[in-house]
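Data first, discussion second: the structure below is written as structure tokens.
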Amino acid sequence: MAGGQSEREDRVSLELTEEILQSMEVGMAFRDYNGRISSMDFHKTSSYLVTASDDESIRLYDVASATCLKTINSKKYGVDLVTFTSHPTTVIYSSKNGWDESLRLLSLHDNKYLRYFKGHHDRVVSLSLCPRNDCFISGSLDRTVLLWDQRADKCQGLLRVKGRPAAAYDDHGLVFAVAFGGHIRMFDARKYEKGPFDIFSLGGDISEANVVKFSNDGKLMLLTTSNGHIHVLDSLRGTLLSTYNVKPVSSNSTLEASFSPEGMFVISGSGDGSVFAWSVRSGKEVASWLSTEAEPPVIKWAPGSLMFVTGSSELSFWIPDLSKLAAYVGRK
């Protein structure tokens, strides 16, 4: 896939258009999973992708060569959420065994635990790394959001919430958002203990928050909820710009959505396993891909690329099919 993808990207503008988005299809898939993929993350500065799966495996991929570099099993603890640190072979992950909710800092290079982060007492449902330093935040069904430093075992701060929390840093690491109960609370990462500096309303949607994310330029944010809503907001003013609707998800599932790299489009899974795409500017659906899966896929845009990845019972890389694009048909 690597050569073909590079060739394709050379032949198209990096500006994603509706036509290019509508042409996208699975260019390669890894189908050797024995459980559903529960989480994945792209490293910001390398070509690496990491996945976590219900088969209790953590897998490291090199997207440039379309190869799986390493598989590490976490049979004792299970694995649910996973995120890269700034280092391309070090990850933080949450467990899924029901009896130990510690987070773990793991070196994929030599399969060694570097640190344990103990503090949560129920399943961790949100995990976000600060891009500015070694801090990260985690949200749990124990109704707490904990702030951590990778260099210390104990949490550096605690926020109590009233419901399932979704938490995320912005792309500069200066602000983080915590969503629950129909609102998004905005915190200054350097003085969070003073409480939120702003609170955004979601227009009456009080269903469980699933995922909150910022666009790469920090100007937009999105929040998904369990009843199948994807809300897009102006992250500076809190104005609700659009709400997209998909099939609701079960309490055990997470509805994930992702901004395209330049923030012009949003892609999302759905409770029926399908994938949808919308234009942020018009608020209209521009593409959809139906599925026979019964649960929403995890979904991520590759940084700075005309590619997104979905994870369900298999890992799929979606790229443009230039034969579908009138502007490129007949070109060599």
Side-chain angles (χ1 to χ4, degrees), residues 9 13-22 24 39-45 49 63 81 83-84 126-131 137 166-179 184 186 200 202 205 209-225 228-246 254-270 274-289 296-311 316-320:
E9 289 186 356
S13 163
L14 274 178
E15 181 182 353
L16 184 64
T17 64
E18 288 188 18
E19 188 182 19
I20 290 174
L21 187 57
Q22 290 161 359
M24 295 182 83
S39 176
M40 59 187 178
D41 188 36
F42 282 99
H43 191 261
K44 296 291 189 294
T45 57
L49 168 72
V63 176
L81 302 181
T83 183
F84 279 111
S126 190
L127 189 60
S128 179
L129 190 80
C130 180
I137 50 177
Y169 283 98
D170 76 337
D171 204 50
H172 299 292
L174 300 175
V175 170
F176 65 84
V178 177
I184 301 176
M186 306 293 290
F200 302 153
L202 297 172
D205 181 2
N210 274 196
V211 170
V212 64
K213 290 182 182 177
F214 289 86
S215 59
N216 286 341
D217 62 8
K219 295 179 180 179
L220 300 172
M221 59 194 310
L222 64 78
L223 174 72
T224 69
T225 61
H229 293 333
I230 301 105
H231 302 289
V232 177
L233 301 91
D234 180 317
S235 64
L236 301 178
R237 299 177 179 84
T239 310
L240 186 59
L241 303 176
S242 295
T243 296
Y244 317 129
N245 301 302
V246 297
T254 297
L255 179 62
E256 188 169 23
S258 183
F259 284 107
S260 58
E262 76 302 321
M264 296 287 288
F265 299 95
V266 169
I267 53 171
S268 171
S270 172
S274 300
V275 174
F276 295 90
W278 299 269
S279 164
V280 171
R281 185 174 295 159
S282 70
K284 295 180 179 179
E285 179 186 318
V286 295
S288 63
W289 301 268
V298 291
I299 191 163
K300 290 276 195 308
W301 272 100
S305 174
L306 289 181
M307 179 178 72
F308 67 87
V309 179
T310 57
S316 301
F317 295 81
W318 299 71
I319 54 178

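Everything numeric here is computed off the predicted structure, so don't read it as measured data.
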In terms of relative ring orientation, are F84 and H43 parallel, tilted or perpendicular, with 30° and 60° separating the classes?
perpendicular
S274 side chain reached by V246 side chain, heavy atoms, under 4.5 Å:
no
How many angstroms lie between CE in M307 and NZ in K300, if you round to the nearest 0.5 Å?
13.0 Å
Taking all non-hydrogen atoms of both residues, which atom of G263 and which atom of V280 are closest, and how far apart?
O-CG2, 3.5 Å
CE (M24) and CG (L306) are apart, to the nearest 0.5 Å, by 6.5 Å
Considering all heavy atoms, the nearest F214-D170 contact
CD1-CA, 3.5 Å
I'd like to know if the side chain of S242 and the backbone of V232 have a donor-acceptor N/O pair within less than 3.5 Å.
no
Nearest heavy-atom pair of L255 and P296: which atoms, and what distance?
CD1-CB, 4.5 Å
Between N210 (side chain) and T224 (backbone), is there a donor-acceptor pair under 3.5 Å?
no
Once you round to the nearest 0.5 Å, how far does CZ of F176 lie from CD1 of I137?
5.5 Å
Checking D41 against T83: is there a side-chain donor and acceptor pair closer than 3.5 Å?
yes
Roughly how far apart are I319 CD1 and S305 OG, rounded to 0.5 Å?
9.0 Å
Distance, nearest 0.5 Å, that separates CZ of F259 from CG of D171
12.0 Å
Flag side-chain contact, heavy atom, 4.5 Å: L202 against L233:
yes
Could you check whether any side-chain N or O of T225 sits under 3.5 Å from a backbone N or O of A209, counting only pairs where one atom can act as donor and the other as acceptor?
no
List for me each residue that meets ring-ring contact (aromatic ring centres under 6.0 Å, His included) alongside Y244, sequence neighbours excluded, and say none if there are none.
W278
Heavy-atom check, side chain of M221 versus side chain of M186, under 4.5 Å
yes
Taking all atoms of both residues into account, what is the closest heavy-atom pair of L236 and F200, and its distance?
O-CZ, 4.2 Å
Check whether any side-chain heavy atom of W301 sits under 4.5 Å from a side-chain heavy atom of N216, and report yes or no.
no
Would you say S268's side chain and F276's backbone share a donor-acceptor pair under 3.5 angstrom?
no
Within the structure provided, determine whether E256 and M40 are in side-chain contact (heavy-atom separation under 4.5 Å).
no
Nearest heavy atoms of P297 and G269, plus distance in Å:
CD-CA, 3.8 Å
Would you say that V275 contacts W289 through its side chain, given a criterion of any heavy-atom pair below 4.5 Å between the two side chains?
yes
Can you confirm whether the side chains of S260 and E262 place a donor and an acceptor under 3.5 Å from each other?
yes
Residues A167 and S128: closest non-hydrogen pair is O-CB, 3.8 Å
Determine whether a donor-acceptor pair (N or O, by modelled atom type, separation under 3.5 Å) exists between the side chain of K213 and the backbone of A257.
yes
Distance check, rounded to the nearest 0.5 Å: I299 atom CD1 versus I267 atom CD1?
3.5 Å
Any non-hydrogen side-chain atom of L220 less than 4.5 Å from a side-chain atom of L241?
yes
Do T243 and H231 touch side chain to side chain, with heavy atoms closer than 4.5 Å?
yes
